Structures are given as structure tokens and as C-alpha cells.
Amino acid sequence: QVHVVESGGGLVQAGGSLRLSCAASGRIFSTYGMGWFRQAPGKEREFVAAIRWTGSSANYADSVKGRFTISRDNAKDTVFLQMNSLIPEDTAVYYCAAARTGYALTYSPAYEYWGQGTQVTVSS
């Protein structure tokens with residue numbers, strides 16, 4: 001069992017930055033692939049970014065490439081999502097998820113453990 005808790009959301013103006021954190025506890029965090037997903041009002045949950053257990057590779061949604069960066073600190077059981085050049089379309093609840101396979105997976109059914117989410121609101 002892995003428990004994940006997101007933090008760092010908030011209200012920011014367009015063009016600004018936020019850094020989300022996801023603290024994990026439980027089993028061996030360092031062997032899990034970690035991902036970020038988001039869900040805007042009235043929309044399906046969508047993939048944002050994912051990172052392999054080693055931190056050596058990552059995947060990004062086309063909509064965030066070049067603006068968002070995912071990273072992890074296995075010594076602190078934490079994964080981060082640095083979000084720059086935010087736009088109003090980035091407004092959503094952001095979820096952190098953990099996958100036992102360890103890979104940087106892009107599809108949500110592959111993730112067994114989910115956090116409660118943190119709200120990100122970007123004003124124009």
C-alpha cells in the first residue's frame with residue numbers, strides 16, 4: 001500500500017509558476033512509477049506527466065511539454081511537478097498517482113494509488 005498526498009496548488013496569474021509536491025509513504029516508493037493527472041470541471045481526467053522509478057525518463061502530455069517538468073527525490077519519497085508559463089487552460093484539480101510497474105506510464109488505469117488532489121487555478 002502506498003499513500004500519496006499532494007500539496008502546492010493555489011491561485012496564480014497567467015504566465016506565473018507553481019510547484020506541486022507529492023509525498024508518498026508506505027511501501028518502497030523508489031520502485032514505483034509516479035504520474036500527475038488533472039481534471040478540469042466537466043472534463044475527463046487527463047494525463048499530464050510521469051516519471052520512471054529511477055528518474056531517468058519521463059513522459060509529458062503535448063499540452064504541457066516545454067512548460068512543465070516532473071522530477072523525484074527518492075531519498076525523500078517525493079515527486080514534484082514544476083509548472084511554468086501557466087495558462088488558464090491549466091486550471092484543474094491535479095492528482096498524483098503511483099504505479100507498481102515502475103515505468104513512466106501515461107494511462108490512468110495503470111496506477112493503483114491516488115491522492116486526493118490539489119486545486120490549481122490560473123487567472124487570465
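Source: prediction; values computed, not measured.
Closest of all the heavy-atom pairs between D90 and S85 is OD2-O, 4.5 Å. Between T54 and S56 the shortest heavy-atom distance is OG1-OG, 2.5 Å. When every heavy atom of L20 is checked against every heavy atom of G9, the shortest pair comes out as CD2-N, 3.6 Å. Closest approach of A92 to A40, counting heavy atoms only: CB-N, 3.8 Å.
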Using the rule given for side chain to side chain contact (heavy atoms under 4.5 Å, CB included), can you reason through V93 versus T118, listing the C-alpha separation, both sets of side-chain angles and the distance that settles it, and then say yes or no? CA-CA 5 Å; V93 177; T118 185; over 6 Å; no
From CA spacing to verdict: side chain to side chain contact (heavy atoms under 4.5 Å, CB included), V12, T121: CA-CA 6 Å; V12 63; T121 303; over 6 Å; no
Where do V79 and W36 land on the side chain to side chain contact (heavy atoms under 4.5 Å, CB included) test, with the steps shown first? CA-CA 9 Å; V79 64; W36 287 96; 4.2 Å; yes
Side chain to side chain contact (heavy atoms under 4.5 Å, CB included) between S17 and Q82, worked out: CA-CA 8 Å; S17 299; Q82 178 67 44; 4.0 Å; yes
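Rounding to the nearest 0.5 angstrom, the gap separating the CD1 atom in I87 from the CD atom in Q13 is 15.0 Å. Between Y94 atom OH and F37 atom CZ the span is 13.0 Å, to the nearest 0.5 Å. Atom CD of E46 is separated from atom OG of S108 by 11.0 Å, given to the nearest 0.5 angstrom.
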Pairs of donor and acceptor atoms involving the side chains of residues 69-76, under 3.5 Å and at least two apart or interchain, shall be tabulated with distances.
| from | atom 1 | to | atom 2 | distance (Å) |
| --- | --- | --- | --- | --- |
| R72 | NE | N74 | OD1 | 2.7 |
| R72 | NH1 | Y32 | O | 2.8 |
| R72 | NH1 | R52 | O | 3.1 |
| R72 | NH2 | F29 | O | 3.1 |
| R72 | NH2 | Y32 | O | 3.0 |
| R72 | NH2 | N74 | OD1 | 3.3 |
| D73 | OD1 | A75 | N | 3.1 |
| D73 | OD1 | K76 | N | 3.4 |
| N74 | ND2 | W53 | O | 3.1 |

Check: residues 97-107 side-chain donor-acceptor pairs under 3.5 Å, at least two apart:
| from | atom 1 | to | atom 2 | distance (Å) |
| --- | --- | --- | --- | --- |
| R100 | NH1 | Y113 | OH | 3.4 |
| T101 | OG1 | Y103 | N | 3.4 |

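Using modelled atom types, one side-chain atom of E6 and one backbone atom of C96 make a donor-acceptor pair closer than 3.5 Å.
At a threshold of 4.5 Å between non-hydrogen side-chain atoms, the residues L81 and F68 count as touching. Inter-residue side-chain proximity for M83 and V120 is flagged as met; some heavy-atom pair is nearer than 4.5 Å.
Considering only residues two or more places apart in sequence or on other chains, R19 meets the salt bridge (charged side-chain N to carboxylate O under 4.0 Å, His left out) condition with none of them.
For the pair R38 and Y95, the cation-pi criterion (under 6.0 Å, within 45° of the ring axis) is not fulfilled.
Linking Ile, Leu, Val, Met, Phe, Trp and Tyr whenever their side-chain heavy atoms come within less than 4.5 Å leaves Y111 and V64 in two separate clusters. Following chains of ILVMFWY side-chain contacts shorter than 4.5 Å, one cannot reach L86 starting from F80, and the two form parts of different hydrophobic clusters. Note on V2 and I51: same hydrophobic cluster, where clusters join Ile, Leu, Val, Met, Phe, Trp and Tyr whose side-chain heavy atoms are under 4.5 Å apart, directly or indirectly.
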